[in-house]
Amino acid sequence: MSASTPRDIMEYRHNEVEHRWQAAWEEQGLYRAAVDWDKPKHYAVTMLPYPSGDLHMGHWYAMTPSDARARFMRMKGYNVLFPMGFDAFGLPAENAAVQRNVHPAKWTAENIDRMRKQLRSMGAMFDWDREMVSSEPSYYKWTEWFFKRMFDAGIAYRGEAMVNWSPTLQTVLANEQVIDGKDERNGQPVIQKLMEQWFFALTKYAEELLSFEGLDWPEPVKTMQANWIGRSEGAEVTFRTETDDEIVVFTTRPDTLWGATFMVLAPEHPLVDTLTKPEQQSKVDEYRVAAAAQSELERMEESREKTGVFTGGYAINPVNGARVPVWIADYVLLSYGTGAIMAVPAHDERDFEFARQFGLDVVPVIQPEGQEALDEPSMVEAFVGPGTMVNSGPINGVATTDAKGRANPSVAAAIDWLEENNAGKEAINYRVRDWLISRQRYWGSPIPMIHRRDGGLESVADADLPVVLPKDVEFSGRSPLVDNEEFLATTDSEGEAARRVSDTMDTFMCSSWYWFRYLSPQFEDAPFDPEEAAYWLPVDTYTGGAEHAVMHLLYARFFVKAMRDMGVFAETETIMRSHGRDPSGLFDEPFTMLRNQGQVLGAERLGDRLVVEGTLDRGRLVATSVRVDPDATADAGAVVGELIRRTENLLQVETESGLVGVEVPAETPVDIPEIAGSNDVSQLKHHLEIQRMSKSKGNVVNPDELVELYGADTVRTHLMFAFEWQKGGPWDTRGMVGSHRFIEDVWKLATTPYFPEQVSDKANADLRRKTHQTIAKVGDDMVEFKWNTAVAALMTLRNAMLESLKAHDVDPAVWTEALEALLKMLAPIAPHVTEELWHHLGHSDSVHTQAWPEVDAAAAVEDVVTMVIQVNGKVRDRLEVAADITEEDATAAAMSTEKVKAWLEGGEVRKVIARPPKLVNIVVG
RNA sequence: GCCCGGAUGGCGAAACCGGUAGACGCGGCGGACUUAAAAUCCGCUGCCCCUAAGGGGCGUGCAGGUUCGAGUCCUGCUCCGGGCACCA
């Protein structure tokens with residue numbers, strides 16, 4: 001050894017190593033991806049983050065495996081593009097504006113700056129030249145442009161929808177802002193109100209969205225989307241009211257029409273007013289007010305007792321002329337189907353309950369298979385099984401089965417009859433609704449539309465895009481665009497004075513096309529540069545949380561299909577062809593492969609027990625003092641209880657008599673005895689369940705401190721090791737030392753000089769076997785996103801190498817082969833330390849540009865295997881046998897061991913099941 | 001309520017196609033080094049029972065079933081998580 005020992009030089013200083021390599025990679029442009037038609041491409045995208053302020057463990061959990069996968073693909077020979085951006089519009093920025101008087105633009109920009117720095121500390125291979133931020137005009141110009149194209153294509157339209165309306169604030173609230181049917185800000189009631197909104201005709205694509213052909217997506221995601229779309233086959237039937245209005249209903253069971261004894265309309269249905277008789281008016285009005293106080297989710301709860309009110313009106317059943325009463329009930333939703341149903345209580349569970357509740361007629365029309373005829377008065381539940389149609393005029397005697405749609409003979413017969421008699425027609429209904437994209441908010445992409453003075457609508461000229469959000473605005477809780485004259489006043493295409501639409505777009509709209517913008521975020525002629533698109537599209541690997549399984553992914557799929565049909569890819573296709581790439585089918589779907597990670601969950605924690613003094617103002621307490629006191633009795637102050645939730649300065653406190661909203665003005669003193677000095681609201685701890693980490697829930701673990709303490713490489717390794725990636729789980733920092741030891745051991749293996757002493761062929765073969773088994777295992781696991789077992793396999797190799805290092809019993813060539821393979825395999829997971837050690841071994845190029853190690857299958861083969869011997873299915877002995885043992889030899893060996901003989905004594909061998917070389921099972925009796 | 005998942009030692013987990021349950025790691029226990037602690041190193045570690053060695057029984061949320069053999073397949077439950085259309 002030289003005078004300066006390796007230990008002096010080579011101490012592992014993770015911070016120094018990580019900062020140095022991050023700077024070096026950036027300088028070299030190691031992760032900048034460029035179009036290269038001579039290499040196969042791989043476009044990897046991980047769902048972009050919302051800039052909530054700090055990068056939390058959940059972000060690391062989502063991003064570092066995606067990064068490792070992208071790095072792995074690069075080592076496998078692909079030209080990899082892996083960009084990053086920010087989904088920067090949204091509600092939290094407006095909450096900050098209302099409650100802390102920070103402009104959303106400032107709040108967002110500051111958060112993004114902070115998160116960019118934190119993202120860099122991760123050491124991911126993000127190509128920052130491709131970054132996009134959805135709240136910048138250079139991005140939302142194209143979000144608006146897409147809206148225009150949708151409008152021109154007839155996909156964007158005006159319609160009505162139910163919204164959470166705050167009569168106090170005169171504005172629409174997000175579901176999140178409504179707690180217990182009240183506005184979380186001021187405790188005032190919130191009602192459901194029908195309002196004019198903008199929609200995208202997503203249902204036009206419902207059928208195509210049901211096909212997942214060619215997509216490598218998780219089965220549950222496909223199932224959830226299919227269920228969400230909810231295709232059902234049946235018929236539309238027209239009933240006429242006594243006032244000769246039409247009520248169209250959709251039913252999957254037109255065969256049971258002869259048993260329809262009443263109708264139910266959604267309380268908001270437009271015909272309710274005309275149908276309602278004067279003597280029923282007050283009851284109907286009362287019911288409609290009550291229904292408006294409930295959310296759709298509450299209304300759909302099936303376990304609730306059925307409620308409803310008779311309108312006094314009647315409609316005529318078109319199949320038999322029967323006069324059926326028309327009711328309204330909240331379990332019928334205006335947004336589903338036609339907002340009206342025909343009720344067949346004898347054969348539908350919900351209708352049955354409703355009929356029994358209100359004493360309505362029940363008329364059976366199916367004779368159950370192999371049972372007695374249904375006896376109406378004694379029925380206790382609806383009959384929904386197969387049988388034969390009865391009491392049904394023209395379709396009497398037709399069989400009814402469990403099949404859906406026309407595949408059911410009775411349904412087919414009923415549809416045919418309806419069509420022949422002009423009473424209805426075959427129809428397909430989808431549960432999915434058109435995409436409501438307008439929001440009555442400020443911090444979003446403006447809808448580039450203008451109301452002309454003549455009442456018409458026109459879109460803003462392309463040359464005038466983007467419609468820019470005005471900066472100088474005041475925040476009160478409702479969108480400042482609504483009364484911003486400077487913004488609203490404009491002129492139409494003919495120079496006439498006109499008004500802008502004050503709505504902005506759903507942020508899902510921004511996130512429905514961002515991976516196109518990554519391709520060329522500075523491109524000014526179109527949303528993306530077709531030269532880039534022709535090479536990189538489509539996205540090969542998309543990763544993100546399972547919570548986006550339906551909405552975001554369905555919108556993204558819809559968007560691409562609409563883009564395709566609007567010809568947005570025409571030029572891209574031409575360029576593809578000129579390079580010999582066939583574009584057919586490449587623009588039908590956005591993401592070829594999808595993988596979901598689970599969620600890193602926060603730990604459970606009780607909220608602080610608060611004692612609040614203050615004055616009551618419109619149902620909520622305005623605090624004059626807030627104090628934390630774990631022992632406070634219920635009468636210690638005006639409001640005493642556990643802090644359940646906090647949004648900026650709004651507290652939800654659980655008291656003995658229920659949830660109370662508390663507002664804490666800036667000047668109100670907050671006293672937390674545990675924390676010395678002056679305290680503020682943000683230091684209050686609120687209740688945490690074991691649930692996902694998110695800024696809004698406050699149960700966030702900050703990775704920065706862990707990076708400081710252990711290094712990014714350890715944090716990355718541990719996140720990939722500690723959980724099954726698809727599943728996630730509660731975060732616990734303690735186990736991290738194991739991953740840290742692993743990284744330090746790798747450091748030790750690579751920096752300790754290796755001298756062979758007692759070299760043996762067996763030791764050489766053993767280490768080579770382990771090395772090549774590990775290469776095979778880790779390679780397979782990385783393809784399948786099985787990070788935890790990949791790291792475990794690397795740890796096992798580490799253990800074997802530590803033994804070899806101690807025993808000095810392998811050739812230097814075998815040692816080096818193992819060491820370099822270990823570094824290369826670990827490189828995607830722990831990029832900094834492996835790069836440092838790679839260079840330490842004397843290489844001058846980057847470990848990240850190395851080819852993934854090749855498996856030597858011959859070296860990996862196991863020649864001796866442990867064979868298990870079972871007697872009657874229980875393990876009784878084990879034997880070391882040659883891996884290629886024959887069935888006869890295995891059986892003979894198994895039967896002849898002392899232990900087995902003892903177990904066989906006194907019994908007769910009835911059967912021997914041999915599965916060489918792993919197992920022999922002897923059945924005796 | 002509806003749709004989709006999940007449940008394995010004290011903890012995070014592993015187990016290809018139905019074939020050794022608990023790899024890998026944390027924690028714990030015992031030991032070495034140290035004045036001591038930390039770090040590091042060595043050994044043990046699913047539970048229970050008998051024991052001197054060595055054996056035996058039980059065990060993958062619960063109750064059944066199929067099979068020579070079930071964590072894995074089937075039926076019925078329980079509990080937990082995600083989504084339910086304005087959180088992203």
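All of these numbers come straight from a predicted model, not from anything done at the bench. So that the names make sense, note that chain A is the first sequence line, chain B the second, and so on, each numbered from 1.
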Those residues that, when tested against A:K777, pass salt bridge (Lys or Arg N to Asp or Glu O under 4.0 Å) (two or more places apart): A:D781
Under 4.0 Å between a side-chain N or O of A:T507 and OP1 or OP2 of B:rA88? yes
Please work out if A:W228 contacts a base, only the sugar-phosphate, or nothing of the nucleic acid, heavy-atom cut-off 4.0 Å. base
Which value, in whole Å, describes the distance between the C1' atoms of nucleotides B:rC48 and B:rC42? 29 Å
Base, sugar-phosphate or nothing for A:Q197? Non-hydrogen atoms, less than 4.0 Å. base
Using a 90° cut-off around 0 for syn, call B:rC68 syn or anti. anti
Could you go over nucleotides 41-49 of chain B and give all protein N or O partners under 3.5 Å, atom names and distances?
from, atom 1, to, atom 2, distance (Å)
B:rC42, OP1, A:K806, NZ, 3.1

Which pairs with one or both residues in residues 787-801 of chain A pass salt bridge (charged side-chain N to carboxylate O under 4.0 Å, His left out), sequence neighbours excluded? A:D745-A:R798
Under the salt bridge (charged side-chain N to carboxylate O under 4.0 Å, His left out) definition, can you give me all pairs with a residue in residues 729-744 of chain A, not counting sequence neighbours? A:D732-A:R734
With heavy atoms under 4.0 Å as the rule, sort A:V432 into base, sugar-phosphate or nothing. base
Partner residues of A:Y336 under the ring-ring contact (aromatic ring centres under 6.0 Å, His included) criterion, sequence neighbours left out: none
Give me the distance, rounded to whole Å, that separates B:rG71 from B:rC16 when you measure between the P atoms they each carry. 13 Å
Footprint string (nucleotides 53-59 of chain B, 5' to 3'): B base within contact, S backbone only, - free, heavy atoms under 4.0 Å: --SSSS-
State plainly whether the residues A:K222 and A:E219 are in salt-bridge range, i.e. N to O under 4.0 Å. yes
With the side chain of A:V737 defined as its heavy atoms from C-beta on, choose the nearest nucleotide among B:rG27, B:rG25, B:rC4. B:rG27
The contact string for nucleotides 8-21 of chain B, one letter per nucleotide 5' to 3', using protein heavy atoms under 4.0 Å with B, S and - for base, sugar-phosphate only and none, comes out as ----BSS----BBS
So what does A:Q440 hit on the nucleic acid, given a heavy-atom distance under 4.0 Å: a base, only sugar-phosphate, or nothing? base
Categorize A:V221 for me: base, sugar-phosphate, or nothing, with a 4.0 angstrom heavy-atom threshold over every strand shown. nothing
If the condition is salt bridge (Lys or Arg N to Asp or Glu O under 4.0 Å), which residues does A:E905 pass it with, not counting sequence neighbours? none
Side-chain contact test, heavy atoms from C-beta onward, threshold under 4.5 Å: evaluate it for A:S511 versus A:Y555 and give yes or no. no
Looking at A:N799, I'd like to know whether one of its side-chain N or O atoms comes within less than 4.0 Å of OP1 or OP2 on B:rG25. yes
With rounding to the closest Å, how many angstrom separate the P atoms on B:rU20 and B:rG27? 30 Å
If you draw the axis of the six-membered ring of A:W60, does the NZ or CZ of A:R716 fall within 45° of it and under 6.0 Å from the ring centre? no
Residues in side-chain hydrogen bond (donor to acceptor under 3.5 Å, both in side chains) with A:T171, at least two apart? none
Tell me the interatomic distance from A:L822, atom CG, to B:rC24, atom P, rounded to whole angstroms. 16 Å
The side-chain hydrogen bond (donor to acceptor under 3.5 Å, both in side chains) partners of A:N596 (sequence neighbours excluded) come to none
Considering only residues two or more places apart or on different chains, which pairs with a residue in residues 867-877 of chain A satisfy side-chain hydrogen bond (donor to acceptor under 3.5 Å, both in side chains)? A:D877-A:T897
Just checking A:F742: base, sugar-phosphate only, or nothing, at a heavy-atom cut-off of under 4.0 Å? nothing
Report the nucleotide, chosen from B:rA88, B:rC3, B:rA85, that has the shortest atom-to-atom distance to any side-chain atom of A:H548. B:rA88
Applying side-chain hydrogen bond (donor to acceptor under 3.5 Å, both in side chains), name anything that partners A:W787, two or more places apart in sequence or on another chain. none
